[in-house]
Structures are given as C-alpha cells and as structure tokens.
Amino acid sequence: MESTKPRLFSGMKPTGRLHFGNYFGALKQFVDLQDTHDSFIFIANLHALTGLPAKDKLMQDTHDLILDYLGAGLDPEKVTLFKQSDVLAHANLTWVFNNLVTVPYLMRAHAFKDAEAKKAEVNVGTFDYPVLMASDILLYNTDVVPVGKDQKQHVEYARDIAGKFNNQYGELFKLPKELILEEVEVIPGTDGQKMSKSYGNIIPLFGTDEEITKAVMGITTDSRGKDEEKNPDELVIYQIHKLFNGSEELKAQYTKGLGYGDAKKMLIKDIIDFVTPMRARRDYFAANPKLVQQILVEGAMKANDIAMKKIFDVYEAIGLTQ
Ligand code: ADP
Ligand code: TRP
C-alpha cells in the first residue's frame with residue numbers, strides 16, 4: 001500500500017570517511033525523519049564518478065557508506081536504502097533533462113564555478129552534476145530533500161527542471177523542497193572553517209578513540225586563560241562541543257573557569273560516549289555482509305519499481321513509446 005507520509009529523498013557520495021559535519025549537517029536528519037517520512041536514502045555512486053576514483057577505492061567507500069548509514073541509525077525496516085547504480089533510470093532521466101537545461105544555466109551552479117576555479121578543464125560529469133541530482137530527486141515523487149546548506153542550490157535546480165518539464169510536456173513531476181535545519185547549517189572543523197574532507201579539518205564520525213583524540217587536540221584555541229571571560233559562541237571548540245552537550249551548564253563553564261586543555265578532555269569523552277552505540281551497530285552490520293547485501297537488493301527492487309514507472313511515463317509523455 002502507498003504510504004501517506006511525505007516522501008523524503010536524499011543521499012551522499014561514497015568519497016571517503018564521513019565526519020561530524022556530514023553527520024550533523026545531513027545524516028542525523030535522515031535518521032530523525034525516518035519515522036515521520038516515507039524515506040529513500042541512496043548511495044550516490046554515479047555522482048562519485050566525477051572525481052574518477054580508482055575501482056577499489058570506489059568499492060571500499062561504497063561499502064563503508066552503507067555501513068555508516070546503518071551504524072548512524074538508519075533502520076532498513078523504515079527506510080529504503082539503495083545504490084544509485086542499481087537503478088538505471090537515473091541516467092535515462094538525466095539524458096531527457098539535459099535537453100531542457102542550457103549551458104549558461106549550468107555554468108551558474110556554485111559547484112561548477114568552484115571546480116572551474118580550481119581546474120582548467122572540468123569534465124562533463126561535473127558540469128552535468130546538478131541534472132543527475134535533479135533526476136535522483138524527481139524520479140521518486142519527492143516532497144522533501146534534507147541536505148546541508150551547500151546543497152540548497154542543487155535542490156533549487158531540481159525544482160526548476162521539474163517546472164520546465166511540466167510546462168513543456170504536462171505535470172509529471174512534483175516540486176521538491178530542501179529541508180535545512182537552521183541551527184546546524186554549517187558545522188565548523190577543527191580550524192574553524194567549514195568541516196570538510198577537502199580542508200583536512202575533520203573529526204571522523206567512525207574514527208578510533210586515537211583518531212578522535214588527535215582531531216580534538218588539534219582544535220584551534222586562543223591564548224586566553226581559564227579565568228578570563230569569553231563568549232562561548234565565538235569559540236570553535238564550544239561550537240563543536242555544544243553539538244554533543246547543549247546544556248546551559250556547559251556554556252557557563254566555557255564563559256569562565258574552564259581551561260582549553262580540560263575542555264578538550266571533556267569533549268573527547270563526550271564524543272566517544274556519543275558514538276559508542278553507533279559503533280556497535282556498525283560493527284554488527286560489518287560482521288553480517290549477507291544481511292547488508294540483502295538490504296541493498298531489496299532497496300533496489302523497491303526503488304526500481306517507482307523509478308521504472310516514472311521513466312515510462314516520461315518516455316510516453318515525450319514521444320519515445322508508441
Ligand atoms: P565534504 O565537504 O567533506 O566533501 P560532502 O560535500 O560530501 O562533504 O557532504 C555530504 C553532505 O554533508 C552534504 O549534504 C553536505 O551539505 C553535508 N555537509 C558536509 N560538510 C558539512 C558541514 N561542515 N556542515 C554541515 N553540513 C555538511
Ligand atoms: N550532491 C550531494 C552531496 O554532495 C549528494 C547527492 C546526489 C544528493 N544526489 C542527491 C543529495 C539527491 C540529495 C538528493 O552531498
């Protein structure tokens with residue numbers, strides 16, 4: 001039976017270990033919303049191809065990401081989990097949409113502009129990334145797309161593209177909305193910039209105790225002593241610490257009386273306590289690869305059911321079926 005809950009669609013690229021920016025900026029929302037939404041969460045492995053990963057790395061990262069999803073608390077009884085490459089319609093719909101968008105429109109995308117600023121020659125996959133992402137979202141009659149703030153423009157593109165198609169060929173696509181939790185818009189990394197694997201400033205979500213300790217010890221602090229009064233909201237360490245302990249008491253300690261060395265020790269303990277149950281779930285699934293395989297196969301079947309119907313309706317609407 002069709003669910004009456006709003007449809008949620010999102011996912012991440014398998015491009016390396018997740019960090020707490022990914023968790024608090026995106027993954028936590030997937031977990032929090034799984035009871036109230038009819039959720040589809042996928043592994044965007046076709047999107048990962050833009051970086052031309054080596055075969056073994058892509059396979060390893062894909063395997064890690066599904067374990068990270070499950071470890072973080074996505075429940076396969078509630079959420080449809082699948083790999084993008086298991087649903088061929090994503091690429092088919094991208095080709096249809098490619099004809100509705102113009103080159104200047106795609107050149108305005110932030111991600112393309114960033115890539116172009118870094119590299120003289122950007123590949124076509126990177127250029128077309130927003131169109132593939134629009135296809136992901138629109139294939140599933142999606143209502144909401146929980147993402148970090150940097151992905152907002154991509155969801156706007158999906159909405160634009162749905163509108164263009166609907167105008168030209170009739171109303172086939174729902175207009176999706178991004179879902180961004182204001183209070184966790186951008187999680188800072190250990191140096192105070194946005195936490196990102198490209199900046200080397202991450203705290204790994206499933207790191208070992210040693211890795212977590214090393215990252216926390218590297219958090220930027222200033223030279224003020226513990227009895228000098230401070231505004232905690234301006235301290236990188238507090239901005240990170242409050243994610244794990246939002247109490248007024250902790251904030252008061254940061255204002256006055258807590259030295260940075262002791263604060264780091266507390267933070268390390270709070271992070272480890274926080275991830276301990278998630279590690280146990282991740283280890284359970286890591287020890288049961290057949291179960292993980294089965295989750296992905298069932299997810300792909302369910303996703304294909306919906307996506308095949310949609311691509312067939314699209315082909316019919318544009319004159320590709322007789
Ligand atoms: P990275 O910047 O490390 O390469 P990705 O671009 O792969 O991370 O991001 C995956 C998801 O996590 C996206 O939805 C993104 O918005 C979110 N995200 C990543 N870093 C942060 C951050 N520092 N704060 C909030 N959300 C983030
Ligand atoms: N672009 C997203 C990221 O970098 C990943 C992604 C691909 C995605 N397709 C999506 C997210 C569809 C939400 C919906 O994190």
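Whatever order the structure lists ligands and atoms in, that order sets their numbers, starting from 1.
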May I ask you to check if ligand 2 and S10 share an N or O to N or O distance below 3.5 Å?
-> no
Closest heavy-atom contact between L106 and P130?
-> CD2-CG, 4.1 Å
What class does the angle between the rings of F165 and Y169 fall in, given that below 30° is parallel, 30 to 60° is tilted and above 60° is perpendicular?
-> tilted
How does V145 reach ligand 2, by side chain, by backbone, by both or by neither, if only non-hydrogen atoms under 4.0 Å count?
-> side chain
Region of S196 engaging ligand 1 - heavy atom pairs below 4.0 Å = both
Could an N or O of ligand 2 be found under 3.5 Å from any N or O of H154, whether backbone or side chain?
-> no
Do we get K164 above F173's six-membered ring, with its NZ or CZ under 6.0 Å from the centre and within 45° of the axis?
-> no
For atom 6 (O) of ligand 1, the protein heavy atom that lies nearest, with its residue and separation | D150 OD2, 4.2 Å
For atom 2 (C) of ligand 2, the closest protein heavy atom turns out to be Q151 OE1, 3.3 Å
Who's the nearest protein heavy-atom neighbour of atom 6 (C) of ligand 2, and how far?
-> M133 SD, 3.8 Å
Are the ring centres of F30 and F40 closer than 6.0 Å?
-> no
If you look at every heavy atom in H90 and D136, which pair is closest and at what distance?
-> ND1-OD1, 2.8 Å
Considering all heavy atoms, the nearest F244-I240 contact = CD1-O, 3.5 Å
Show which atoms of ligand 1 fall inside a sub-4.0 Å distance from at least one heavy-atom site of M195.
-> 20 (N), 21 (C), 22 (C), 23 (N)
Identity and distance of the protein heavy atom lying nearest atom 14 (O) of ligand 1 = G148 N, 3.3 Å
Below 4.0 angstrom, N of the basic side chain to O of the carboxylate: do D227 and K256 qualify?
-> no
Just checking, K230 and Y260: is the charged tip under 6.0 Å from the six-membered ring centre and within 45° of the axis?
-> yes
At a non-hydrogen distance cut-off of under 4.0 Å, which region of I137 contacts ligand 2 (side chain, backbone, both, or neither)?
-> side chain
Report, in ascending order of atom number, the atoms of ligand 2 lying under 4.0 Å from any heavy atom of K13.
-> 4 (O)
Nearest protein heavy-atom contact for atom 25 (C) of ligand 1: which residue, which atom, what distance?
-> E185 O, 3.3 Å
Should we count NZ of K242 as having more than 12 external heavy atoms under 6.0 Å?
-> yes
Distance filter under 4.0 Å to Y129 heavy atoms, resulting ligand 2 atoms | 1 (N), 2 (C), 3 (C), 4 (O), 5 (C)
If the plane angle is over 60° it's perpendicular, under 30° parallel, otherwise tilted; pick one for Y105 and Y157.
-> parallel
Looking at G25, which atoms of ligand 1 are within less than 4.0 Å of one of its heavy atoms?
-> 25 (C), 26 (N)
Residue among D209, D68, D273 satisfying salt bridge (Lys or Arg N to Asp or Glu O under 4.0 Å) with R279 | D209
Would you say T15 and ligand 1 have an N/O pair spaced under 3.5 Å apart?
-> no
Nearest protein heavy atom with distance in Å, relative to atom 27 (C) of ligand 1 | G21 O, 3.3 Å
Which residue from V147, I187, L18 reaches closest to atom 24 (N) of ligand 1 through any of its heavy atoms?
-> I187
Considering only protein heavy atoms, which is closest to atom 4 (O) of ligand 1, and at what distance to one decimal place?
-> K197 NZ, 2.9 Å
Closest protein heavy atom to atom 13 (C) of ligand 1, given as residue, atom name and distance to 0.1 Å | Q151 CG, 4.1 Å
Within 45° cone and under 6.0 Å: R282 NZ/CZ vs F206 ring = yes
Tell me which protein heavy atom sits closest to atom 11 (C) of ligand 2, plus the residue, atom name and distance to 0.1 Å.
-> G11 O, 3.3 Å
Identity and distance of the protein heavy atom lying nearest atom 9 (N) of ligand 2 = D136 OD2, 2.7 Å
How close does the nearest protein non-hydrogen atom get to atom 8 (O) of ligand 1, and which residue and atom is it?
-> N22 ND2, 3.3 Å
Could you go step by step and tell me if Y254 and H241 meet the side chain to side chain donor-acceptor pair (under 3.5 Å) rule?
-> CA-CA 10 Å; Y254 270 97; H241 206 156; 2.7 Å; yes
